[in-house]
Chemist: 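Before I ask anything, here is the structure I am working with.
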Amino acid sequence: MLTWSLGGHIKTATCIEDLRQIARRKVPRAFFDYAEAGSYSEQTLRANRADLELIKLRQRVLVDVSSRDPSTTMLGEKVSLPLALAPVALTGLERGNGEILACRAAQAAGIPYALSTLSICSIEDVAAAVGKPFWFQLYVMKDRGFVRSLIERAAAAKCSALVLTVDLQVLGQRHIDIKNGLSVPPSLKIRNLANMARKPGWAFSVLAGKRWTLGNLDGHVRGMKGVKSLAQWVGSQFDETLNWKDVDWVRNLWPGKLIIKGILDVDDAKLAVKSGATALVVSNHGGRQLDGARSSISVLSEVAEAVGSDIEVLFDGGVRAGQDVLRALAQGAKGCLIGRAYIFGLGAGGEAGVVKAIDIIRNELEVSMALTGVNRISEIGWHNLVKSDRGACINGSQDE
Ligand SMILES: Cc1cc2nc3c(=O)[nH]c(=O)nc-3n(C[C@H](O)[C@H](O)[C@H](O)COP(=O)(O)O)c2cc1C
């Protein structure tokens, strides 16, 4: 892709790739790699992007598109565009107080933000620093007492939805993280530490940040203090017994809106409906878990058709542009989550960088709506994709 950014400032960035390039220069290599990488040979990571790019949008002309409006609803709440910021662990190491900055940017833009269980800033840190409710993402760990307390803390912080991530009962391996020493426990290599010292803007922001450890765990897990022991504790806490009964258990503790994240199969989507969840996210964890799994977009239409209106279908994996949002909506998603797209913005320019990432996607979506002859998000459907190109509408039943 031909992109360049004058002087590497976010003001000159015209696309998410520009933000990625700036972040690559500003964020220490170990943390940039952590955000960018996928698991094992990264087949699924690549498939997420490649399959999205295969989908061809149908250009329409001479349609009055002067009343375009990208606003819609997600989980029954009004949003300024069908987008949310996905839960991303260790966001506060891409930029100091990263979770607070990203949440503020999302709220200013009128879209939801999801805070990861494995965030640097805690639920309470974020709640105290932002004006509106946010989503909280939950990992069900072996220590169910701790999980229960996390749910209670999310309720006390008035989180507006619980995102239950179900595709991480074991950890997919990212080779680069091991090579960089971002393992459990972390043991950063000398060269990584030297690299950090060469990123003064980053170092200043992180040193000035509220915390450097996993904020939701620090002081809440008995006998655990400091990055190393907390990381070790987390590493021992992923629960291989996780099953649908645990979803019922969470449902009973959390009467509010529940989103099940990590669905990549129609049968699982039907079980998610049965569980009584409000929404599901078709997701392969951004290609970071099962390498060799299908791309998220290749599964989306099957899931959307199978569940109909019984549950809201959200989508993530590979979204880097407004055109991708349109592609996913055309195949049945109510909204998209972005992970790396905003993390690159955060690394490139903090809160303003996240604002920029959202603006880029918003502008691309608005222009693409115009060029496909669409004024409202609710008008988007299969008819916006090229019919003759079967390969383009992956697994879709576009011939209504
Ligand atoms: C660096 C990184 C950390 C992540 N941490 C979490 C997490 O803590 N919880 C979770 O549910 N998903 C996590 N995810 C997955 C994202 O929520 C989302 O599914 C994924 O990033 C979407 O793909 P995209 O990055 O191509 O947009 C993480 C993704 C990345 C890139």
Side-chain angles (χ1 to χ4, degrees), residues 16-17 19-20 23 27 30-39 42 44-53 83-95 98-99 102 112-121 123 135-141 150 161-169 171-172 174 176-177 180 182 214-217 231 234 237-238 242 259-264 280-290 293 295-297 299-300 314-321 324-325 327-328 333 335-347 354 357-358 361:
I16 298 297
E17 174 61 19
L19 295 176
R20 190 185 80 87
V27 175
F31 298 125
F32 180 83
D33 288 348
Y34 166 74
E36 178 152 83
S39 57
E42 302 191 330
T44 299
L45 174 78
R46 286 192 296 277
N48 277 350
R49 282 294 313 139
D51 287 351
L52 271 168
E53 285 180 4
L83 198 73
L85 303 192
V88 168
L90 309 186
T91 296
L93 293 181
E94 304 291 328
R95 182 83 169 207
E99 290 87 1
Y113 168 78
L115 180 72
S116 167
T117 291
L118 302 179
S119 53
I120 299 295
C121 295
I123 303 173
W135 298 352
F136 179 67
Q137 177 267 323
L138 184 73
Y139 282 129
V140 176
M141 302 179 185
L150 274 179
L162 192 71
V163 183
L164 177 62
T165 299
V166 293
D167 59 2
L168 204 118
Q169 72 282 36
L171 271 181
R174 292 181 299 276
I176 191 73
D177 286 350
N180 284 334
L182 264 190
L214 298 167
N216 290 324
L217 279 55
V234 170
Q237 280 291 320
F238 293 108
L242 197 67
I259 306 171
I260 298 188
K261 175 171 178 284
I263 297 292
L264 210 63
L280 62 82
V281 188
V282 173
S283 173
N284 51 32
H285 216 103
R288 293 163 79 85
Q289 283 294 97
L290 178 63
S295 66
S296 299
I297 193 68
V299 178
L300 173 61
L314 305 176
F315 167 84
D316 78 22
V319 174
R320 300 286 182 277
D324 298 329
V325 176
R327 286 166 165 138
C336 294
L337 279 62
I338 48 170
R340 295 176 182 89
Y342 87 84
I343 291 296
F344 294 149
L346 181 72
V354 181
I358 298 168
I361 292 178

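Note that ligands are numbered from 1 as they come in the structure, with each ligand's atoms numbered from 1 the same way.
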Chemist: So is Arg95 actually on top of Tyr342's ring, under 6.0 Å and inside 45° of the axis?
Modeler: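 Geometry flag: not set, cation outside 6.0 Å or 45°.
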
Chemist: Tell me the nearest of Arg288, Gln289, Arg49 to atom 30 (C) of ligand 1, using heavy-atom distances.
Modeler: Arg288

Chemist: For side chain to side chain contact (heavy atoms under 4.5 Å, CB included), just list the numbers for Ile338 and Leu85, CA-CA rounded to whole Å, side-chain angles, deciding distance to a tenth of an Å, and then say yes or no.
Modeler: CA-CA 5 Å; Ile338 48 170; Leu85 303 192; 3.8 Å; yes

Chemist: Quick check: does His285 get an N/O under 3.5 Å from an N/O on ligand 1?
Modeler: yes

Chemist: Please list, in number order, the atoms of ligand 1 under 4.0 Å from a heavy atom of Val88.
Modeler: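 Those atoms are 1 (C), 2 (C), 3 (C), 4 (C), 5 (N), 6 (C).
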
Chemist: Could an N or O of ligand 1 be found under 3.5 Å from any N or O of Pro87, whether backbone or side chain?
Modeler: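 Among all N and O atoms of Pro87, at least one is under 3.5 Å from an N or O of ligand 1.
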
Chemist: Is ligand 1 under 4.0 Å from a heavy atom in the side chain of Thr165, in the backbone, in both, or in neither?
Modeler: side chain

Chemist: Record the part of Arg320 in heavy-atom contact with ligand 1 below 4.0 Å; permitted values are side chain, backbone, both and neither.
Modeler: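 For Arg320, only side-chain atoms sit under 4.0 Å from ligand 1.
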
Chemist: Quick check on Leu118 - does any of its heavy atoms sit under 4.0 Å from an atom of ligand 1?
Modeler: no

Chemist: How close does the nearest protein non-hydrogen atom get to atom 12 (N) of ligand 1, and which residue and atom is it?
Modeler: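 Of every protein heavy atom, Lys261 NZ, 2.9 Å lies nearest to atom 12 (N) of ligand 1.
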
Chemist: Go through the side-chain N and O atoms of Asp316 and Ser296 and say whether any donor and acceptor fall under 3.5 Å apart.
Modeler: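 Asp316 vs Ser296: no donor-acceptor pair found between side chains.
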
Chemist: Tell me, do Thr91 and Ile343 make a side-chain contact under 4.5 Å, heavy atoms counted?
Modeler: yes

Chemist: With side chains defined as the heavy atoms from C-beta onward, is the minimum distance between Leu290 and Thr44 less than 4.5 Å?
Modeler: no

Chemist: Before giving the answer on side chain to side chain contact (heavy atoms under 4.5 Å, CB included), spell out for Glu17 and Phe344 the whole-Å C-alpha distance, their side-chain angles and the decisive distance to 0.1 Å.
Modeler: CA-CA 8 Å; Glu17 174 61 19; Phe344 294 149; over 6 Å; no

Chemist: Please determine, by modelled atom types, if Ser39 and Gln289 share a side-chain donor-acceptor pair under 3.5 angstrom.
Modeler: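 Distance-only check fails for Ser39 and Gln289.
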
Chemist: Where's the contact between Gln137 and ligand 1, heavy-atom distance under 4.0 Å: side chain, backbone, both or neither?
Modeler: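 Looking at Gln137 and ligand 1, just side chain atoms fall under 4.0 Å.
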
Chemist: Minimum distance, heavy atoms only, to atom 3 (C) of ligand 1: which one of Gly339, Ala89, Gly286, Ala114 is it?
Modeler: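 Nearest option to atom 3 (C) of ligand 1, by heavy atoms: Ala89.
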
Chemist: If you have a sec, work out which protein heavy atom is nearest atom 24 (P) of ligand 1 and how many Å separate them, to one decimal?
Modeler: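 Nearest protein contact, heavy atoms only, for atom 24 (P) of ligand 1 is Arg340 NH1, 3.6 Å.
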
Chemist: Looking only at protein heavy atoms, which one is nearest to atom 7 (C) of ligand 1, and how far off is it?
Modeler: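 It is Tyr139 OH, 3.1 Å.
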
Chemist: Heavy-atom contacts with Ser283 under 4.0 Å: which atoms of ligand 1 show up? List them by number with element.
Modeler: 19 (O)

Chemist: Would the distance check show the side chain of Arg327 and the main-chain N or O of Ile297 forming a donor-acceptor pair, the cut-off being under 3.5 Å?
Modeler: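 The answer is no, because no donor-acceptor pair under 3.5 Å joins these two groups.
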
Chemist: Looking only at protein heavy atoms, which one is nearest to atom 26 (O) of ligand 1, and what is the separation?
Modeler: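 The protein heavy atom lying closest is Gly318 N, 2.8 Å.
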
Chemist: Can you tell me which residue and heavy atom of the protein come closest to atom 19 (O) of ligand 1, and the distance to 0.1 Å?
Modeler: Asp316 OD2, 2.7 Å

Chemist: If hydrogens are left out, which of Ala35, Gly38, Ser116, Ala86 has an atom nearest to atom 8 (O) of ligand 1, that is, the closest non-hydrogen atom?
Modeler: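 That would be Ser116.
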
Chemist: Using modelled atom types only, decide if a donor and an acceptor are shared between the side chain of Ser295 and the backbone of Asp51 within a distance under 3.5 Å.
Modeler: no

Chemist: Distance check, rounded to the nearest 0.5 Å: Leu314 atom CG versus Ile263 atom CD1?
Modeler: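 That separation rounds to 11.5 Å.
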
Chemist: How many angstroms lie between atom CG of Asp324 and atom CZ of Phe315, to the nearest 0.5 angstrom?
Modeler: 8.0 Å

Chemist: Any N or O on Ala341 sitting closer than 3.5 Å to an N or O of ligand 1?
Modeler: no

